[in-house]
Amino acid sequence: SWLSERAVLVSAACAPLRDHVERSRGGLHFDDRASFGAALDRLLSDTPTRSAMARHGAEYARATYSWDQARAGWMASLAEAERRAGDGGN
């Protein structure tokens, strides 16, 4: 959604999604039916806020999950695994 520049609405019960939304400022999260309705109403009725959230989410997704970032993460993980293998797994 963020790469399509859309604000998101996620369940607060899903900690990873909630954390991404909070770090990115790319949407809202809800806890129950009432907060879902309130968050949805806010997204639908507040165009400037919705647009800003969409923009923040897109920037976060591009910065955090670009191919370069994914590659860097994999390379760091492989280097760490190689280091641990050389240390006898410790």
Side-chain angles (χ1 to χ4, degrees):
S1 294
W2 283 333
L3 291 178
S4 298
E5 298 205 13
R6 300 286 186 259
V8 299
L9 181 56
V10 303
S11 171
C14 182
L17 291 178
R18 185 187 64 237
D19 291 345
H20 284 297
V21 164
E22 289 173 355
R23 279 188 276 150
S24 69
R25 300 177 314 167
L28 301 171
H29 55 79
F30 63 91
D31 296 306
D32 53 27
R33 180 180 283 187
S35 62
F36 175 82
L40 184 59
D41 285 345
R42 181 175 178 202
L43 287 177
L44 293 175
S45 65
D46 189 344
T47 301
T49 297
R50 182 180 67 242
S51 296
M53 288 178 180
R55 187 176 59 258
H56 291 305
E59 290 167 358
Y60 173 81
R62 286 185 194 109
T64 308
Y65 297 104
S66 68
W67 283 113
D68 289 340
Q69 289 293 352
R71 182 181 181 282
W74 274 104
M75 296 304 290
S77 294
L78 291 171
E80 176 65 14
E82 184 176 36
R83 185 195 64 76
R84 287 184 182 201
D87 289 347
N90 295 318

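In what follows, residues are counted from 1 in the order of the sequence shown.
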Which pair of non-hydrogen atoms, one from [X] and one from [Y], has the smallest distance, and what is that distance?
X: Ala54; Y: Ala7; answer: CB-N, 3.6 Å
X: Glu5; Y: Ala58; answer: CG-CB, 3.7 Å
X: Leu43; Y: Met53; answer: CD2-SD, 3.8 Å
X: Val21; Y: Gly27; answer: CG1-O, 3.2 Å
X: Ala39; Y: Leu28; answer: O-CD1, 3.7 Å

Single-linkage hydrophobic cluster, 4.5 Å side-chain cutoff, Val8 and Leu17 together = yes
Are Trp74 and Tyr65 in one and the same hydrophobic cluster, where Ile, Leu, Val, Met, Phe, Trp and Tyr link if side-chain heavy atoms are under 4.5 Å apart?
-> no
Once you round to the nearest 0.5 Å, how far does [atom1] of [X] lie from [atom2] of [Y]?
X: Arg71; Y: Ser66; atom1: CZ; atom2: OG; answer: 11.5 Å
X: Leu40; Y: Ser35; atom1: CG; atom2: OG; answer: 11.0 Å
X: Asp68; Y: Met75; atom1: CG; atom2: CE; answer: 12.5 Å

Who are the ring pair (Phe, Tyr, Trp, His ring centres under 6.0 Å) partners of Tyr60, not counting sequence neighbours?
-> Trp2, His20
What salt bridge (Lys or Arg N to Asp or Glu O under 4.0 Å) pairs are there with at least one residue in residues 34-50, not counting sequence neighbours?
-> none
Are any side-chain N or O atoms of Ser51 and backbone N or O atoms of Pro48, one a donor and one an acceptor, separated by less than 3.5 Å?
-> no
Flag yes if more than 12 heavy atoms outside Arg6 fall under 6.0 Å of its CZ atom; otherwise flag no.
-> no
